[in-house]
Amino acid sequence: MTEHEISLSVNGTDHELAVESRTLLVTALREELGYTGANVGCETARCGACTVRVDGEAIKSCMRFAVQSDGAEIETVEGLAENGDLAPLQEQFQENHGLQCGFCTPGMLMTADTYLKDADDPSREEIREAIEGNLCRCTGYHNIVDAIEATLEQREASHE
């Protein structure tokens with residue numbers, strides 16, 4: 001199998017690596033670079049556990065080859081925290097019990113964080129629609145939506 005030299009910036013750190021043509025981005029992140037936050041769930045883009053941000057867009061990394069991301073800026077759940085402090089969204093997931101087993105949490109956080117960058121006073125239904133590509137078998141989603149709403153409220157309060 002042919003190997004390709006690629007460059008990735010992951011959470012602000014530049015990486016050079018050699019990958020086979022068929023190596024999935026999630027595999028390169030987890031096995032080659034040690035960013036294990038993105039989970040491999042369905043490998044069909046249905047569960048969202050592998051969601052990362054590539055050049056600002058939330059994508060399911062089980063559906064993209066690593067070579068397709070050559071030169072890209074990638075953000076994983078490990079990059080949400082700053083200086084060891086949880087990001088506001090992560091804090092709200094914890095405070096509102098928005099996670100149980102935790103398997104879906106990294107993908108859910110990346111989807112929600114991307115959504116929150118442009119969200120302007122969304123309804124609960126709009127939040128649910130924004131995260132609908134991420135499956136959770138444990139929570140029933142109510143606490144996840146609560147956590148996202150609490151993050152929005154916290155953000156609004158800090159801007160007043």
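- For Asn11, the side-chain hydrogen bond (donor to acceptor under 3.5 Å, both in side chains) partners are Thr76, not counting sequence neighbours.
- Thr51 has its side chain out of reach of Pro106: every pair of non-hydrogen atoms, C-beta onward, lies at least 4.5 Å apart.
- With sequence neighbours left out, Glu16 forms a side-chain hydrogen bond (donor to acceptor under 3.5 Å, both in side chains) with Ser7.
- In this structure, the salt bridge (Lys or Arg N to Asp or Glu O under 4.0 Å) partners of Arg22, at least two apart in sequence or on a different chain, are Glu20.
- Residue pairs meeting the salt bridge (Lys or Arg N to Asp or Glu O under 4.0 Å) criterion with at least one member in residues 70-81, sequence neighbours excluded: Arg53-Glu75.
- A distance of 11.5 Å separates SG in Cys136 from CZ in Phe103, rounded to the nearest 0.5 Å.
- Considering OG of Ser9 and NE2 of His15, their distance stands at 7.5 Å, rounded to 0.5 Å.
- Put simply, CD on Glu95 and CD on Gln92 are 4.5 Å apart, with the number rounded to the nearest 0.5 Å.
- From Thr111, atom OG1 reaches atom CD of Glu132 across 11.0 Å, with rounding to the nearest 0.5 Å.
- Listed by chain and residue number, nothing satisfies the salt bridge (Lys or Arg N to Asp or Glu O under 4.0 Å) test with Glu3 (two or more places apart in sequence, or in another chain).
- Across all non-hydrogen atoms, the minimal contact from Glu5 to Ala18 is OE2-CB, 3.4 Å.
- Other members of the hydrophobic cluster containing Val19, listed by chain and number, are Ile6, Leu8, Val10, Leu17, Leu24, Leu25, Val26, Leu29, Leu33, Tyr35, Val40, Val52, Val54, Ile59, Phe65, Val67, Ile74; membership follows side-chain contacts under 4.5 Å among ILVMFWY residues, whether direct or relayed.
- For residues 55-64, no residue pair satisfies the side-chain hydrogen bond (donor to acceptor under 3.5 Å, both in side chains) rule, not counting sequence neighbours.
- The ring pair (Phe, Tyr, Trp, His ring centres under 6.0 Å) analysis of residues 67-86, with sequence neighbours excluded, yields no pairs.
- The main-chain N or O of Glu126 is found under 3.5 Å from a side-chain atom of Ser123 such that the two form a donor-acceptor pair.
- We find the NE2-NE2 distance between His142 and His97 to be 15.0 Å, quoted to the nearest 0.5 Å.
- Taking Ile, Leu, Val, Met, Phe, Trp and Tyr as hydrophobic and joining them when side-chain heavy atoms fall under 4.5 Å apart, one finds Ile131 in a cluster with Val77, Leu80, Leu89, Phe93, Leu99, Met108, Leu109, Met110, Tyr115, Leu116, Ile127, Leu135, Tyr141, Ile144, Val145, Ile148, Leu152.
- For the atom pair CG of Asp120 and CD of Glu156, the computed distance is 8.0 Å after rounding to the nearest 0.5 Å.
- Under the salt bridge (Lys or Arg N to Asp or Glu O under 4.0 Å) criterion, Glu91 pairs with no residue, sequence neighbours left out.
- Contact detail for Cys50 and Ala38: the closest heavy-atom pair is O-CB, 3.8 Å.
- Between Gln90 and Ala87, the shortest heavy-atom contact is OE1-N, 2.8 Å.
- Judged purely by atom type and a 3.5 angstrom limit, Asn134 uses its side chain to pair as donor or acceptor with the backbone of Gly107.
- The local environment of NE2 in His4 is crowded, with over 12 non-hydrogen atoms from other residues, nucleotides or ligands closer than 6.0 Å.
- Applying the side-chain hydrogen bond (donor to acceptor under 3.5 Å, both in side chains) test to pairs two or more places apart or on separate chains, those with a residue in residues 144-154 are Arg124-Asp146, Arg124-Glu149.
- Remark: Thr36 engages no residue in a side-chain hydrogen bond (donor to acceptor under 3.5 Å, both in side chains) (not counting sequence neighbours).
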